[in-house]
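Keep in mind that this is a model prediction, so the values were computed, not measured. The chains referred to below are lettered A, B, ... by the order of the sequence lines, with proteins before strands, and numbering in each begins at 1.
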Amino acid sequence: MDQQLEASTLGMWVFLVTEIMFFGGLFMAYILYRYWYPDAWAAASNHLNVQMGAANTIVLIISSLTMAMAVRSAQVGSRGGQIFFLIATILFGATFLGVKYFEYAEKFEHHLVPGLGQVFAAPGDHIHATHANVGSAEQLFFSLYFIMTGIHALHMVVGIGIMSVMLFWAWRGRFSPEYYAPVEVSGLYWHFVDIVWIFLFPLLYLLGAHLGAGH
Amino acid sequence: MSNSHTPHIITPASTYVMVFGGLIVLTILTYLAAINDFGALNTPIALGIAVLKASLVVLFFMGVRYNTPLTKVVVVAGFFWLLIMFGLTMGDYVSRSWLGVPGR
Amino acid sequence: MPTHFPLFPPTASTVAVEMDLLYLFIVAICAFFAILVVAVITYFTLKYRRRSPDAVGADIHGSLALELTWTFIPFVLAMVMFGWGASLFFRLASPPANAMELFVVGKQWMWKVQHPEGVREINEMHVPVGRPVRVSIGSEDVLHDYFIPAFRVKMDAVPGKVTTLWFEATQVGTYHIFCAEYCGTKHSGMIGQVIVMSPQDYEAWLAGGKSTGTAVENGERLFTDLSCVTCHKPDSSGRGPSLLGVFGSTVSLADGRKVVADENYLRESIMNSQAKIVAGYQGIMPTFQGMVTEENLLQLIAYIKTLKPAAPAGGQGK
Amino acid sequence: MTIAPRLEDRKSYLDAPHGIASWLLTKDHKRIAMLYLISITIFFAIGGLFALGIRLELLTPKGDLVSGDTYNKMFTLHGVVMIFFFLIPSIPATLGNFLIPIMVGAKDLAFPRINLLSWYLYIIGGIMALVAVAGGGLDTGWTFYTPYSTQASQTSVTLAAMAAFTAGFSSILTGFNFIVTVHRMRAPGMTWFRLPLFVWAQYATSLVMILGTPVIAITLTLVMVERSLHFPVFDPKIGGDPVLFQHLFWFYSHPAVYIMILPGMGVVSELVASVARKQIFGYAFVAFSSLAIAILGFLVWGHHLFVSSQSIYAGLVFSIITMLVAVPSAVKTFNWAATMYKGAVTWESPTFWVIGFMGLFLIGGLTGLFLATLGLDIHLTDTYFVVAHFHYIMVGGAIMAFLGGLHFWWPKMTGRMYSEPFAKASAILVFVGFNLTFGPQFLLGYLGMPRRYHEYPPEFAVLNVLSTAGATILGLGYGLCLIYLLWSLKKGAIAPANPWGAKGLEWEKTQSPPTTFNFDEEVIVTEPAYNYAGSKVHHG
Ligand code: HEA
Ligand code: HEA
Ligand code: CUA
Ligand SMILES: [Cu+2]
């Protein structure tokens, strides 16, 4: 591996360590409240849409594959390959965000969004029906659900931005088997965002799945 | 300045596809595991599979397998520090009841 | 301008003298090291002054023996400090079983104190000399901290939970109460006085005070007023579990966990009733968040605790 | 090898292209260091003004100068500005930026553009902080404790948190750049054990920046989200835990105190070796103690939570590890002292700052042990004892080291010599003023005066008057320093390449000030650092 590539790869990994710690703070809050309120959390988790979550997991994994292939195309010097796989990566990333949009919209409809001056879980809603009062530990769950997936989605948006730049450069033929560090390190970032989701999916969506479908 | 020129390894596409297959299988597995109730084992199973998936991504897609030892140390250190944060903080919460005096 | 110029606050509790000793002990160790190092450096700088512009120092690289010595000695001294500090800390954290109990609630920006006999006061706390006093502390809004320098005790008041401190006063007199955790505009005005009295004077003061009912009486009244009784009957006929003997017992929860019912568990059961559901019951108990003040809560807890002679207290996760 | 003195044949990095744009778009680590130096000085003056406000208010027991709310804003902004916008970037972003590439024998940092980006982020964060000051201020204390910050405070908490977040991001980028530089840019022959100790210390600091700063970023994000979007996270009303905030906050903020002191320790190691013209005593111990401090420093944050309702068992663990982290600091101190033994010690101004540092850092560090002692901290926490502790270590220790380093490398950075007598006078004024300001605060603390108090009972008055008097002297000391350093830029004598006769690539292989790419020829390192006894020094 040449100097330049080695330095940027190391740099990106060091940066990803900061990302690990950044998300780590959120996971810390998650662990504590889940430890305190296991039931409420399992129940609240059951209001998430597992189908959409699972679909998104698959979408992200595919995008990781196309990302890896894009880097590989750069390594072997295939400009067409780079362009094709980068476009695919961007599209799958966008699909992920689209699905997220529908998920969020659904939560708004069901009044599962804490804050924003809204009443959490309006009368007649299922959360309200199963519990005597407005769930509060459930609110903590939804708070963290929105913050965690929101920050993750923000990372996706940034990732799509980076990939668009890479696509532009690839299209201009900037990368070669000798020089492909930018694609390589952007790829690392993209895979990292995928990894975060790999943890978010079971922790948020599947937590209460054994209780039976909530919908 | 390190002059160790690690030979350039280009991962074959077939490896990527196999890893991809593995990830999909594990995703299905984690879903199946989740809809069944294993009691106290629910979380360890879910987390175990997630760690497995993450390792696949880190090792192959991110190429850490072929990377310098330094990169490996960096990756491991990142996760280790996370454990420090979780461990010591939860250590507080878990031991709060031990003395039996509220707030101590 | 005051003429006296104290270096120590009054020593008015059983731990105060030991606290001062511990302090002086560490002062001695630290003074020793600070003076030693500064003296050595100053001496060397003078003694080995540079005599010619091109002079260089001796070719000395280090000494393992020295390194080990000055790693080991500070380590041992630090462990001694830790040991003494930890033992004092444990004593400060564990109130004696025979302590009388006071309730203190902090809110922006005052301290509300209630005696078990029902007398209430604000920003003042009367206590008898020579008797251990356990203070249960709550907060209605933000963090505060109940600090009595003369007793060398201090504890945060944390919204959402009950915290505890205890002391035994040894000197009759009047001492400061400070709020030591920043809480906003009048943080520095959230101060008061502890008035330590002889036991006789204390009894007299209590008798003269306007009792608004004891904490337990108040709690009992609230228990009816808030219609807790409708669900919590002495037998298991109500919709909720019987609360007889619940305090200090081990409760099995619906999710299979077991918790010991201490003050914070009772508190959570009332304010955030969905957090822990008792096995065999539905989570139908309404939350009383916003309906009962922190003071009411301490009274309710005081009442529930009397529903059976208190078994040795256990604890739970908060 | 002889080095052409400045102005003779080659242009220095200062003269290279001229014009504002060439500075604002520079990728030269030395110019970025200068940009940082100017910016942190401005923030230091702002923080210092708030400090003077605090001290004036505390001159009398009554709250007669400003209202309670204003006082609360003053100490909060004093803390926020001094910590996030002055001390954390101080040594790393100025001396570190300037010296690390030179010390490892490189032309620049690994990522020059990112280095510039970090300065811009710092400035953006700084502007946000100033806007927050103007538009409502901030009154949460620099610690942002919930639920006060999320529910009660009426001030610009969100903006201020965003400002700290941005400054944090800037600090991450600096740390990240240093790590990669030290790993990948060392000159041939520059092995790890030939690195100057300043580089070791900066490396350890960078580790802390990388591993800790993101946690404060997410914690402040949670505060912003809870405050402005009302997504509850720490809200006790619905079962959240305010103490969780404290855990997350201190997970960063305790290690952050080592971000503030480790670079200072690195500077002192350089200074000690150079003023004594001697190999540092126990090089490996000093180097590894930096790493030990950085790593152990992550395991002790709970010592800020001894009375917060944290479990006492957790308290035990945090206390004992805190005691352990004092040991590597002790090792460093003793090694510095031993380095002086049989040295050839100069009495030029850097020596004054070094001795000043020793005295004040020791008192600051040793009083940390009082606070780490469980039982005693119950009485001392949240009193002026804590305030005195951290000023001794941050103002007495870190700033003394920073100023010492600034004086030491000033000729290299600016190409000018400053007035020696004024420098000595300033060091003495700062030392005396400092002790008078913060010494009495230890006594106040043990007497029980709580911190963040706008008014206080009259029996604390005498000590507070002393403290305010001291602060005036201290302010004069800093002011003096500022004046003669600025003066030297215009009128100072031209500095030779190696005015101190010191060892090190920056003195021996570059001119004063260095050229844009630092070295004229590729550097090959053949000897250990501080090899005073083994080779001749080129003086002047
Ligand atoms: C640069 C910043 C800096 C540094 C380096 C330190 C270093 C240390 N700090 Fe300090 N600290 C702060 C900045 C710093 N601190 C701040 C800002 C706060 C308050 C925050 C707030 O609440 O606003 C604080 C608060 C604080 C507390 C919490 C107090 C409270 O709120 O109740 C504690 C408790 O343990 C503590 C301990 C220590 C210790 C043990 C060290 C050690 O690392 C010191 C080690 C050094 C030595 C010990 C000296 C050298 C040794 C010898 C000469 C040998 C002799 C040694 C022995 C016998 C062991 N500090
Ligand atoms: C690096 C950090 C740093 C530095 C340098 C200082 C410097 C000083 N601090 Fe600071 N202080 C903190 C960090 C720092 N402080 C923190 C973190 C807190 C806690 C905040 C909180 O509770 O939330 C605190 C709190 C604090 C308090 C306690 C307030 C309270 O609890 O109520 C006091 C009281 O005396 C104080 C005093 C001082 C003084 C007198 C100085 C002096 O050293 C300052 C001297 C400097 C000057 C006087 C300026 C120098 C002048 C010039 C450079 C020239 C001037 C130029 C122009 C005007 C253009 N500080
Ligand atoms: Cu209440 Cu400070
Ligand atoms: Cu600390």
Side-chain angles (χ1 to χ4, degrees), chain A residues 1-3 5-6 9-10 12-14 16-21 23-25 27-28 31-32 34-36 38 42 50 53-54 57-58 61-62 64-69 71-72 75-76 177 184 187-188 190-192 194-196 198-203 205-213, chain B residues 1-13 15-17 19-20 23-24 26-28 30-31 33-39 42-43 45-47 49-54 56-58 60-64 66-68 70-71 74-75 77-79 81-83 85-86 89-90 93-94:
Chain A
M1 229 192 268
D2 69 305
Q3 283 299 322
L5 181 62
E6 219 177 283
T9 318
L10 177 65
M12 189 38 119
W13 270 109
V14 172
L16 291 183
V17 168
T18 70
E19 289 276 16
I20 293 177
M21 298 309 291
F23 280 99
F27 282 103
M28 183 61 246
I31 294 173
L32 171 63
R34 177 159 170 196
Y35 166 72
W36 271 0
V50 182
T57 310
I58 308 268
I61 293 176
I62 301 178
S64 257
L65 175 67
T66 57
M67 185 68 237
M69 291 305 291
V71 176
R72 191 172 180 284
Q75 288 169 334
V76 301
E184 164 96 26
L188 290 180
W190 189 271
H191 295 307
F192 171 79
D194 184 15
I195 290 181
V196 174
I198 284 178
F199 283 96
L200 288 181
F201 175 60
L203 290 181
Y205 291 79
L206 297 180
L207 171 58
H210 60 273
L211 301 177
Chain B
M1 219 174 278
S2 109
N3 285 319
S4 61
H5 276 253
T6 339
H8 213 137
I9 296 162
I10 299 180
T11 315
T15 311
Y16 284 149
V17 174
V19 169
F20 169 75
L23 288 172
I24 297 290
L26 286 172
T27 306
I28 297 171
T30 193
Y31 177 74
I35 54 177
N36 291 296
D37 194 353
F38 298 99
N42 282 336
T43 312
I45 293 178
L47 277 181
I49 298 181
V51 168
L52 215 63
K53 285 168 69 180
L56 282 178
V57 175
V58 168
F60 293 95
F61 282 172
M62 302 175 89
V64 165
Y66 311 109
N67 232 308
T68 55
L70 179 61
T71 315
V74 172
V75 179
F79 287 103
W81 245 253
L82 210 55
L83 290 184
M85 172 160 80
F86 296 165
T89 309
M90 286 316 289
Y93 288 102
V94 169

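- For chain B, no part of A/L207 is nearby; none of its heavy atoms comes within less than 4.5 Å.
- When side chains are defined from C-beta on, A/F192 does not count as touching B/V58, because their heavy atoms never get closer than 4.5 Å.
- At distances below 3.5 Å, at least one donor-acceptor pair connects side-chain atoms of A/R72 with backbone N or O atoms of B/T11.
- Between A/M21 and B/G78, the shortest heavy-atom distance links the atoms SD-O, 4.0 Å.
- Expressed to the nearest 0.5 Å, how far CG of B/L70 lies from CD of A/E6 amounts to 8.5 Å.
- Between B/V94 and A/Y35 there is a side-chain heavy-atom pair separated by less than 4.5 Å.
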Could you walk me through whether A/L188 and B/F61 pass side chain to side chain contact (heavy atoms under 4.5 Å, CB included), step by step?
CA-CA 8 Å; A/L188 290 180; B/F61 282 172; over 6 Å; no

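- In this structure, the portions of B/V51 lying under 4.5 Å from any heavy atom of chain A include both its backbone and its side chain.
- Comparing A/L16, A/D194, A/I62 by heavy-atom pairs within less than 4.5 Å of chain B, the highest count is held by A/I62.
- With sequence neighbours left out, B/T43 forms a side-chain hydrogen bond (donor to acceptor under 3.5 Å, both in side chains) with A/R34.
- Residues B/V74 and A/L10 are in side-chain contact: their nearest non-hydrogen atoms beyond the backbone lie under 4.5 Å apart.
- At least one side-chain heavy atom of A/M28 sits less than 4.5 Å from a side-chain heavy atom of B/F86.
- For the pair B/M85 and A/F27, the minimum side-chain heavy-atom distance is 4.5 Å or more.
- Across every non-hydrogen atom of A/I195 and B/A54, the tightest pair is CG2-CB, 3.8 Å.
- Only the side chain of A/T57 comes within contact range of chain B, judged by heavy atoms closer than 4.5 Å.
- The CZ atom of A/F201 sits 8.0 Å away from atom OH of B/Y31, with the distance rounded to the nearest 0.5 Å.
- Per-residue counts of heavy-atom pairs under 4.5 Å with chain A were compared for B/A33, B/P12, B/A46; the largest is that of B/P12.
- Environment of OH in B/Y16: crowded, with over 12 heavy atoms of neighbouring residues, nucleotides or ligands closer than 6.0 Å.
- Taking the six-membered ring wherever Trp is involved, the centroid distance between the rings of B/Y93 and A/W36 falls below 6.0 Å.
- Looking at every heavy atom in both residues, A/L206 comes nearest to B/A34 through CB-CB, 3.6 Å.
- With respect to chain B, the highest number of heavy-atom pairs below 4.5 Å among A/S64, A/G187, A/P202 belongs to A/S64.
- Atom CD1 in B/I24 sits 4.0 Å away from atom CD1 in A/I58 (nearest 0.5 Å).
- Taking every heavy atom of both residues into account, B/A50 and A/I198 meet most closely at O-CG2, 3.6 Å.
- Interface remark: B/N42 contributes side-chain atoms only to the contact with chain A (heavy atom separation under 4.5 Å).
- Here the closest non-hydrogen pair linking A/F199 and B/L47 is CD2-CD2, 4.3 Å.
- Of all heavy-atom pairs spanning B/M90 and A/L32, the tightest one is SD-CA, 4.1 Å.
- For A/F23, no part lies near chain B; criterion is any non-hydrogen pair under 4.5 Å.
- With a 4.5 Å cut-off on non-hydrogen atoms, B/T30 touches chain A through its backbone and its side chain both.
- With rounding to the nearest 0.5 angstrom, the CH2 atom of A/W13 is 8.0 Å from the CG atom of B/N67.
- Interface remark: A/V196 contributes no atoms to any contact with chain B (heavy atom separation under 4.5 Å).
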